[in-house]
Amino acid sequence: MSELPAKPQAAALAAVGQAAAGGARPSVIQLVFREKGALYAAYIPLFTDGGLFVPTNRDYKLGEDIYLLLSLPDDQQRYPVAGKVAWLTPANASGGRTQGVGVRFPADEKTRLIKLKIEELLGTSISSAKPTQTL
């Protein structure tokens, strides 16, 4: 099963691998950011360990495990992140916001380095007042 991004301007491609029968395994989502602007719009600095907004029309529950394969702008490497759903943006949300989930990064050293890499890429724009898909 695969899904299309909720809105093309999100500039992030999300494809969901189908979970095993019985839902025992977490979803696997490839999240590709080709531009820093799209990464800025999806990054969630308010989560202590970092996180990302993932556009999806699949229904998730808070606390559900999600496995991200993350690609950052100008970087050929894919970074695995075993996150958890920390918030939900439902279909038809107010303000025309994109349907999806906020994925909270785990508190481990490997993911801390990914968070630092994202923040380094975003630089001073991380404290911008420019609207995002997040809080």
Side-chain angles (χ1 to χ4, degrees):
M1 175 168 130
S2 67
E3 24 182 290
L4 298 174
K7 290 188 178 179
Q9 63 266 36
L13 303 176
V16 176
Q18 189 152 10
R25 291 184 9 197
S27 295
V28 176
I29 299 176
Q30 287 191 24
L31 195 57
V32 179
F33 292 100
R34 291 187 170 84
E35 304 168 352
K36 287 181 187 178
L39 181 59
Y40 168 79
Y43 184 59
I44 309 170
L46 295 176
F47 290 162
T48 303
D49 299 303
L52 288 167
F53 176 79
V54 178
T56 180
N57 52 15
R58 179 176 164 189
D59 289 329
Y60 285 93
K61 293 178 175 49
L62 289 175
E64 192 171 339
D65 292 329
I66 292 186
Y67 190 80
L68 300 178
L69 288 174
L70 177 62
S71 296
L72 300 173
D74 304 319
D75 188 342
Q76 297 298 318
Q77 186 171 345
R78 290 194 325 179
Y79 300 94
V81 177
K84 289 199 179 287
V85 174
W87 107 55
L88 307 167
T89 301
N92 305 314
S94 64
R97 293 182 22 182
T98 303
Q99 180 180 356
V101 295
V103 177
R104 180 176 42 85
F105 291 172
D108 61 32
E109 185 60 20
K110 184 174 74 170
T111 310
R112 188 183 73 81
L113 295 175
I114 295 169
K115 176 185 185 237
L116 291 174
K117 185 165 188 63
I118 290 171
E119 291 179 350
E120 182 180 302
L121 276 168
L122 295 177
T124 57
S125 68
I126 207 165
S127 58
S128 169
K130 185 175 157 187
T132 69
Q133 297 176 11
T134 65
L135 302 174

Notebook entry, point to check: At their closest point, which heavy atom of Phe53 faces which heavy atom of Ile44, and how far apart are they?
Noted result: N-CD1, 3.8 Å

Next item on the list: Kindly indicate whether the side chain of Asp49, heavy atoms from C-beta on, has any atom under 4.5 Å from the side chain of Arg104.
Entry: no

Next item on the list: Heavy atoms only: give me the nearest Leu31-Pro55 pair and the separation to one decimal.
Entry: CD1-CD, 4.4 Å

Check: Could you state the interatomic distance from CG (Leu113) to CG (Leu116), rounded to the nearest 0.5 Å?
Finding: 6.0 Å

Margin query: Can you confirm whether Tyr43 sits close enough to Leu52 that some side-chain heavy atom of one is under 4.5 Å from a side-chain heavy atom of the other?
Written below: yes

Next item on the list: Using a 4.5 Å cut-off on heavy atoms from C-beta on, say whether the side chain of Val81 contacts that of Pro106.
Entry: yes

Notebook entry, point to check: Atom NZ in Lys36, atom CD1 in Ile118: separation rounded to 0.5 Å?
Noted result: 13.0 Å

Check: Would you call Glu120-Lys117 a salt bridge at under 4.0 Å N-O?
Finding: no

Next item on the list: Can you see which heavy atom on Ala86 is nearest to which on Phe47, and at what distance?
Entry: CB-CZ, 3.5 Å

Next item on the list: Check whether more than 12 heavy atoms from other residues, nucleotides or ligands sit under 6.0 Å from atom CD of Gln76, and answer yes or no.
Entry: no

Notebook entry, point to check: Do you know the tightest heavy-atom contact between Val103 and Gly83?
Noted result: CG1-CA, 3.8 Å

Note to self: Atom NZ of residue position Lys115 - does it have more than 12 heavy atoms of other residues, nucleotides or ligands inside 6.0 Å?
What the structure shows: yes

Next item on the list: Report the distance from atom CG of Leu39 to atom CG of Leu122, rounding to the nearest 0.5 Å.
Entry: 4.5 Å

Item checked: Heavy-atom closest contact (Tyr60 atom, Ser27 atom, distance) -> OH-OG, 3.2 Å

Checklist line | Taking every non-hydrogen atom, the tightest pair across Arg97 and Thr89 | finding: NH2-OG1, 3.3 Å

Could you pull out all donor-acceptor pairs under 3.5 Å where a side-chain atom in residues 62-73 meets a protein atom, sequence neighbours excluded?
unit_1 : atom_1 : unit_2 : atom_2 : d
Glu64  : OE1    : Lys61  : N      : 2.9
Asp65  : OD1    : Lys84  : NZ     : 2.4

